S.K.: 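Got a structure for you, questions after.
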Amino acid sequence: MKLVFWLLDINTKIQNDNVDLWLWAIDKSGNRVLLVDHGVTAYFYAVLHDGAEGSYIAKNIMLSYRSIVTKTEIVQRRFFGKRVAAIKIYCKKAVQIAKVAEHIRKHDGISDCYEDDIRPTMRYLRDNGVIPCSWHQVEAKEEKNIPDTRATKVYSINSPPIPLENNSFTPDLRLLAFSMICYSSEGAPKPDLNPVIVLSTVTNNGFEKQFVASQNKDDTTIIQEFMTYIRSFDPDIIVSYGANRTDWTYLRERSHKHGFLLNFDRASSEPHKGVYGHVSTTGIVNIDLADFSNMFPEVKVQNLANFAKNLGVTIERKRIIDETSFADFWDTPQKNAELLQYGLDNAHRVYGTIKLLIDFSIQLSILTLMPLDQVMSAATGFRVESYLIKQAQKIGEIVPRRLEQTYVPYTGGLVLLPKPGLHENIAVLDFKSMYPNIMITYNLSPDTYIQAGDPEPSEGVYVAPEIGYRFRKSPPGFYNEALTHLLNIRAAIRQKMKQQTTRTVEYQVLNARQKALKIITNAIYGYAGWIGARWYIKPVAEAASAWGRHIIWTSSQMAKNDGVEVIYGDTDSLFVKYDKTKNEKLQADIQQTLKLEVEISHVYVRVFFSEAKKRYAGLRQDGSLDIVGLEVIRGDWAEVAKRVQQHVLEIILKVQSPEKAIEYVKSIAIDLQHNRIPLEDLIIWKTLTKPPKNYAVRAPHVQAAKMLIARGARLTIGDKVGYVIQTGKGPLFSRAIPYVFAKIDNVDSTYYITNQVLPAAARVLKSFNITERNLEAIIKEEKTKRLIDYF
DNA sequence: GCGTTCAATGTACCT
DNA sequence: ACAGGTACATTGAACGCG
């Protein structure tokens with residue numbers, strides 16, 4: 001029978017060395033179905049030496065490995081752009097590939113073997129043009145003997161599915177968001193000791209359900225009921241915040257302790273570690289919102305509440321209960337209701353957030369061919385690579401192996417020295433998608449690079465400035481085609497979006513798609529210079545940045561020659577004095593000379609620069625402030641210092657009165673002296689970048705982390721530690737204390753004045769001849785004045 | 001023994 | 001585990017001085 005389905009998830013099933021492909025899907029009637037393909041082809045390439053006798057070698061291989069190799073073909077392919085002849089070697093079983101390739105690699109006449117390291121799921125999707133999160137059609141036969149699976153029907157298929165043309169709509173997916181609370185009276189909960197007390201769930205039909213441990217904190221029943229509930233609701237997607245790191249392992253260990261398995265997924269298996277640090281739940285897309293955090297660097301302290309709030313998902317209740325208080329809330333009957341509500345709130349936060357991000361995830365999955373449950377947990381480099389592997393197939397490029405490479409840095413973008421002080425009417429010129437466009441214009445790609453000493457091709461070369469690397473002008477390289485493709489599709493989508501007046505579902509999908517395209521496009525330059533890349537060729541990235549420097553430098557010279565004052569510039573932007581006529585002429589000249597598009601992204605009414613690069617503040621025409629690089633937007637300064645600097649900047653840029661700014665700084669300093677600033681505004685957050693004992697110096701946040709760990713907290717690399725500085729003798733690090741243990745009366749207000757508020761304020765006021773010393777003196781003066789008043 | 005100087009360490013930012 | 005460029009605070013050893 002013919003079956004039309006939407007592909008939700010894909011996994012391999014290995015039984016007696018046989019690799020089957022399992023496609024979890026939703027059919028047109030909304031049935032959850034499983035398609036099993038028993039006939040997956042497994043192959044790899046053995047690239048031949050120049051002039052090697054391919055057919056002879058192939059015959060030999062067939063003979064030597066006749067129990068394993070089923071077929072060989074001589075094929076023409078490309079490898080780093082070079083034409084190569086290769087033997088495509090088909091094996092009976094996918095599990096044998098790596099071993100066979102290892103042997104054949106050493107054969108006479110074979111230069112190397114490739115693509116034995118491509119995962120069977122990727123191979124299947126790529127070779128057959130099957131796309132995750134998309135509709136397909138296939139000839140299917142009902143199969144009865146696949147036990148232990150939760151699917152309305154199980155089919156076997158003998159030929160791969162064919163994607164349908166009209167792919168745009170997503171079926172109604174069943175979504176379950178959950179959040180877990182554990183009981184621990186001492187420090188971080190440990191699965192061997194501490195029970196799960198509350199499991200809260202919210203589903204897409206608006207239904208809330210909570211599982212609460214018994215009075216004596218026995219979690220046997222709730223974990224079982226939680227699983228029963230999952231099985232009966234049968235979600236397609238299960239979402240959490242942080243479950244890949246904690247909840248799944250925790251629940252698993254609790255279950256095992258009680259003597260049962262956490263086997264709620266559609267194949268009755270337990271959550272298990274997959275690729276890219278991801279946890280797989282077979283047949284169910286497991287999404288962890290914590291994996292999205294690098295998309296939102298503006299959220300400085302990563303947690304569910306901040307994350308949700310940043311996206312506009314707010315819960316009416318204001319109270320956040322600290323993890324360390326869960327036990328107290330459980331033990332105090334009057335607080336029970338609040339604890340339960342908090343759990344439910346979190347499940348709602350998870351649900352509200354994934355609703356905003358699911359379209360993007362789906363689009364990224366479609367673009368990269370990575371299954372939906374992997375794409376968000378995969379690092380950028382692997383997403384780019386997955387996209388490139390898909391593209392490589394189209395041009396017959398063999399996928400290189402990942403090699404151990406030594407890291408050798410190269411020169412990057414050019415940053416111009418800013419002109420310090422206040423400037424009026426400043427236009428910001430931006431090169432649109434600079435690196436992608438440079439790579440297209442100069443055909444920078446692993447397969448167009450001409451190695452030093454190699455002869456120049458007849459079609460000519462582009463020579464990178466400063467470094468002199470050469471790239472053949474034609475044909476278009478692998479990256480060139482990929483980038484052109486990405487940019488063109490994105491432009492088309494944005495055009496389509498412009499035609500839409502209302503925010504339809506289609507608009508949302510288009511928007512998600514263009515975002516996915518954008519992040520992949522922008523990451524290709526970085527990928528090219530990444531030593532972990534399969535297609536790593538350092539000169540490609542090096543040449544792109546060399547052209548970038550040349551372009552920004554030349555443009556700044558052109559501006560000067562046109563009588564346009566240049567205030568600042570960084571990599572792909574130029575800050576210049578605004579003059580409509582002159583700017584537009586410059587824009588046109590740059591475009592003509594340098595072959596890259598420039599736009600005037602905005603004009604500042606007034607902009608402030610200190611002497612430092614990468615730090616400035618600009619006043620926009622609508623009255624808003626852009627603050628860049630300064631303490632205000634840094635996560636490792638106390639809130640009080642950031643607020644002071646923000647106000648100082650506003651006063652300087654709007655009112656333009658340093659005196660008023662000083663008054664303000666003074667008032668806060670005095671508030672600090674009198675402990676009138678709440679403790680939470682004094683917390684300094686810093687990230688642990690290694691295990692505390694590995695630090696070479698004694699740093700405040702490390703000391704604070706050690707104190708937290710001593711009290712049972714679970715802290716790992718990447719966690720933020722919040723501390724405050726207390727009064728006392730000795731160096732700073734000895735006076736740092738985790739903010740949860742701190743008391744406002746013990747806070748060292750002098751530190752906050754001299755090392756936080758004053759430097760932050762002086763960063764701006766120095767340009768107006770007010771130094772930290774001045775400020776300090778003014779504050780002291782105020783203090784004595786008060787004393788005199790007092791006496 | 002004490003204050004000053006400066007490289008090293010560490011973190012977070014910009015494009 | 002996409003790149004390099006940059007600012008800045010704090011530590012801690014080296015240094016100079018008395």
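Each chain gets a letter, A, B and so on, in the order the sequences are listed, and its residues count up from 1. None of the values given here were measured: they were computed from a predicted structure.
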S.K.: Just wondering, are more than 12 heavy atoms of other shown residues or ligands nearer than 6.0 Å to CZ in A:Arg119?
M.R.: no
S.K.: So if I take residues 750-765 of chain A and measure heavy-atom distances to DNA chain C, which residues fall below 4.0 Å?
M.R.: A:Tyr751, A:Asn755, A:Arg763
S.K.: For A:Ser545, which residues count as a side-chain hydrogen bond (donor to acceptor under 3.5 Å, both in side chains) partner, sequence neighbours excluded?
M.R.: A:Arg549
S.K.: When you measure from every atom of DNA chain C, which of residues 371-380 of chain A have a heavy atom less than 4.0 Å away?
M.R.: A:Ala379, A:Thr380
S.K.: Reckon A:Tyr410 touches a base, only the sugar-phosphate, or nothing at all at heavy-atom distances under 4.0 Å?
M.R.: sugar-phosphate
S.K.: Under the 3.5 angstrom rule, does the side chain of A:Asn286 hit a backbone N or O of A:Val279 as a donor-acceptor pair?
M.R.: yes
S.K.: Does A:Phe292 have its ring centroid less than 6.0 Å away from the ring centroid of A:Phe360?
M.R.: no
S.K.: Checking A:Arg490 against A:Gln514: is there a side-chain donor and acceptor pair closer than 3.5 Å?
M.R.: yes
S.K.: Decide whether a cation-pi geometry holds between A:Lys690 and A:Tyr695; the criteria are a distance under 6.0 Å from NZ or CZ to the six-membered ring centre and an angle within 45° of the ring axis.
M.R.: yes
S.K.: Which part of the nucleic acid, if any, lies within reach of A:Tyr616 when heavy atoms closer than 4.0 Å are counted: base, sugar-phosphate only, or nothing?
M.R.: sugar-phosphate
S.K.: Closest nucleotide of DNA chain C for A:Gly413 versus for A:Ala523: which of these residues is on the 5' side?
M.R.: A:Ala523
S.K.: First contact, last contact: which nucleotides of DNA chain C are these for chain A, 5' to 3', heavy-atom distance under 4.0 Å?
M.R.: C:dA1 to C:dG12
S.K.: Write down the distance separating the P atoms in C:dC2 and B:dG10, rounded off to the nearest Å.
M.R.: 22 Å
S.K.: Is the number of heavy atoms from other residues, nucleotides or ligands within 6.0 Å of NZ (A:Lys577) greater than 12?
M.R.: yes
S.K.: Could you list the residues that satisfy ring pair (Phe, Tyr, Trp, His ring centres under 6.0 Å) with A:Phe478, not counting sequence neighbours?
M.R.: A:Trp535
S.K.: To the nearest Å, how far apart are A:Asn294 CG and B:dC13 P?
M.R.: 14 Å
S.K.: Before you tell me yes or no, could you show the steps for A:Arg402 and A:Glu385 under salt bridge (Lys or Arg N to Asp or Glu O under 4.0 Å), namely the whole-Å CA-CA distance, both residues' side-chain angles and the distance that decides it to 0.1 Å?
M.R.: CA-CA 11 Å; A:Arg402 202 181 303 288; A:Glu385 193 152 273; 2.7 Å; yes
S.K.: Using a heavy-atom cut-off of 4.0 Å across all strands, would you classify A:Tyr407 as base, sugar-phosphate, or nothing?
M.R.: sugar-phosphate
S.K.: Using the test side-chain hydrogen bond (donor to acceptor under 3.5 Å, both in side chains), find all partners of A:His272 that sit at least two apart in sequence or belong to another chain.
M.R.: none
S.K.: Residues two or more places apart in sequence or in another chain: which of them pass side-chain hydrogen bond (donor to acceptor under 3.5 Å, both in side chains) with A:Lys595?
M.R.: none
S.K.: Compare every heavy atom of A:Phe609 with every heavy atom of A:Ser767, then report the nearest pair and how far apart it is.
M.R.: OG-O, 4.0 Å
S.K.: When all nucleic acid strands are considered with a 4.0 Å heavy-atom cut-off, which category describes A:Val384: base, sugar-phosphate, or nothing?
M.R.: nothing
S.K.: Which ones in residues 526-546 of chain A lie close to DNA chain C, meaning a heavy atom under 4.0 Å from one of its atoms?
M.R.: A:Gly526, A:Tyr527, A:Gly529, A:Trp530
S.K.: Between A:Glu542 and A:Tyr469, is any side-chain donor less than 3.5 angstrom from a side-chain acceptor?
M.R.: yes
S.K.: Assess, by modelled atom type and distance only, whether the side chains of A:Tyr387 and A:His485 contain a donor and an acceptor separated by less than 3.5 Å.
M.R.: yes
S.K.: Measure the distance from CG on A:Asp626 to C1' on B:dC13 and round it to the nearest whole Å.
M.R.: 16 Å
S.K.: Write down the distance between CD (A:Gln703) and P (B:dG10), rounded to a whole number of angstrom.
M.R.: 13 Å
S.K.: OP1 or OP2 of B:dA12 sitting under 4.0 Å from any side-chain N/O of A:Thr687?
M.R.: yes
S.K.: Can you measure A:Arg615 atom CZ to B:dC14 atom P for me and round it to whole angstrom units?
M.R.: 9 Å
S.K.: Taking NZ from A:Lys300 and C1' from B:dC14, how many angstroms apart are they, rounded to a whole number?
M.R.: 11 Å
S.K.: Can you tell me if the side-chain N/O atoms of A:His701 get under 4.0 Å from OP1 or OP2 in B:dG10?
M.R.: no
S.K.: Enumerate the residues from residues 414-423 of chain A whose closest heavy atom to DNA chain C is under 4.0 Å, giving them by residue number; use none for an empty result.
M.R.: A:Val415
S.K.: With sequence neighbours excluded, tell me which residues meet side-chain hydrogen bond (donor to acceptor under 3.5 Å, both in side chains) with A:Thr716.
M.R.: A:Asp719
S.K.: Taking side-chain hydrogen bond (donor to acceptor under 3.5 Å, both in side chains) as the criterion, tell me which of A:Arg763, A:Gln756, A:Gln646 meets it with A:Glu631.
M.R.: A:Arg763
S.K.: For the CD atom on A:Glu611, are there more than 12 heavy atoms of other groups (residues, nucleotides or ligands in this structure) within a distance under 6.0 Å?
M.R.: no
S.K.: Begin from the C-alpha positions of A:Asp570 and A:Lys613 and carry the test salt bridge (Lys or Arg N to Asp or Glu O under 4.0 Å) through to its verdict.
M.R.: CA-CA 8 Å; A:Asp570 186 350; A:Lys613 296 168 172 180; over 6 Å; no
S.K.: Contact class for A:Arg383 (heavy atom, under 4.0 Å): base, sugar-phosphate, or nothing?
M.R.: nothing
S.K.: Over how many whole Å does the gap from A:Asn694 atom CG to B:dT9 atom C1' extend?
M.R.: 14 Å
S.K.: In chain order, what residues pass the salt bridge (charged side-chain N to carboxylate O under 4.0 Å, His left out) check against A:Lys300, with sequence neighbours excluded?
M.R.: none
S.K.: Rounding to an integer number of Å, can you tell me how far A:Ile627 CD1 sits from B:dA12 C1'?
M.R.: 16 Å
S.K.: Hey, can you pull the residues of residues 628-648 of chain A with a non-hydrogen atom under 4.0 angstrom from DNA chain B?
M.R.: A:Val628, A:Gly629, A:Ile633, A:Arg634, A:Gly635, A:Asp636
S.K.: Just verifying a value: how many Å separate A:Ile600 CD1 and A:Leu574 CG, rounded to the nearest 0.5 Å?
M.R.: 11.5 Å
